[in-house]
Amino acid sequence: MTDISVVQPLPTAFRGLERTWYRGLAILDGVVVPVVNPAAFLSENEATDLRIKGVTR
Amino acid sequence: MTAPKRFVLFPIGKKRFALPADEVAELAKPDLLQVFPHTTSLMAGVLVRRGAIIPVCDIAQVLVGPSAPPRRFYLIATQVAGRNRNLIALPVSGECELSSIVPRPQTGRLPEYVESLITLDDEIIEVLSLSTLMSQDSTKSSAMGGRA
């Protein structure tokens, strides 16, 4: 477990879906770590729906 | 007579391109490119420089296509987005040169991202508009195999 004290906003040059995937970027020992936005994960219902449609297993 | 303007000339493969000098912050040695999943065309990843996260935009895909040689340096430029000026790293394949030249407007059917042209000896160099270039669809460019 690591504490992240500063989350920098995703640079505006990134304009795709990643803007919803990530809350921002953190730097840990010089390594850039994307901080995931929990809302970007599929909900239980959405996952079930995709399984029913055969998109996922 | 129009006064000369300062440009930074940089090579990508066998061809040189230019950016207005006031849009260039520095030329950086190869740094650790850090990547993470994303969907934005041309973005190669990010660099960490002095604690700041700088996005890396591989404009060579548009300018010379997938056959571009390995890039050796990063040209750190400023990109104007609305009221903000953001740093962006452009991988280039060799040393850069600062030059004062009178630009001439681009003529003919050059891409929109060519802002103007400068002539140096017998070489014609395209001055790029970074904002226009970065909005290019790389899929389209790759399909055309670049412009080399």
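So you know, we letter chains A, B, ... as the sequences are listed, proteins then strands, and number each from 1. Side chains are part of it too, since the values below use all heavy atoms of this structure and drop only hydrogens, waters and symmetry mates.
In terms of modelled atom types and a separation under 3.5 Å, the side chain of A:E18 and the main chain of B:P37 share no donor-acceptor contact. With B:Q34 contributing its side chain and A:G30 its backbone, the two residues share a donor-acceptor pair below 3.5 Å.
If you chain together hydrophobic residues whose side chains sit under 4.5 Å apart, B:Y74 and B:L87 fall into the same group. Tracing side-chain contacts under 4.5 Å through hydrophobic residues (I, L, V, M, F, W, Y), one reaches B:V24 starting from B:F10; they form part of the same cluster. Taking hydrophobic clusters as Ile, Leu, Val, Met, Phe, Trp and Tyr residues chained together by side-chain heavy-atom distances below 4.5 Å, B:V8 shares a cluster with B:L27. In this structure, B:V64 is a member of the same hydrophobic cluster as B:V114, with clusters built from ILVMFWY side-chain heavy atoms closer than 4.5 Å. In terms of hydrophobic clustering, with Ile, Leu, Val, Met, Phe, Trp and Tyr side chains grouped at heavy-atom distances under 4.5 Å, A:L25 and A:W21 are assigned to a common cluster.
With a 6.0 Å radius and a threshold of 12 heavy atoms from other residues, nucleotides or ligands, B:R6 has its CZ atom at or below the threshold. By the 6.0 Å contact criterion, CZ on A:R23 is open, its count of non-hydrogen atoms from other residues, nucleotides or ligands being 12 or less. No more than 12 heavy-atom neighbours from other residues, nucleotides or ligands sit within 6.0 angstrom of CD on A:E44.
Ranked by non-hydrogen atom pairs under 4.5 Å with chain A, the options B:I54, B:T39, B:V35, B:V46 are led by B:T39. Options B:G51, B:A52, B:C57 differ in how many heavy-atom pairs under 4.5 Å they form with chain A, and the most are formed by B:G51. Taking chain B as the reference chain and counting heavy-atom pairs below 4.5 Å, the highest number among A:V32, A:L17, A:V31 is found for A:V32.
Ring-plane geometry between A:F14 and B:F36 is classed as tilted, the angle between the planes lying from 30 to 60 degrees on a 0 to 90 degree scale.
Heavy atoms only, all atoms of each residue included: A:A13 and B:M43 are closest at CB-CE, 3.8 Å.
Proximity to chain A (any heavy atom under 4.5 Å) is restricted, for B:I88, to the side chain, taken from C-beta onward.
Atom CD1 of B:I53 and atom CD of A:Q8 lie 4.0 Å apart (nearest 0.5 Å). Rounding to the nearest 0.5 Å gives a distance of 9.5 Å between NE2 of B:H38 and CG of A:L10. Here the CZ atom belonging to A:R15 is positioned 7.5 Å from the CG atom belonging to B:L42, to the nearest 0.5 angstrom.
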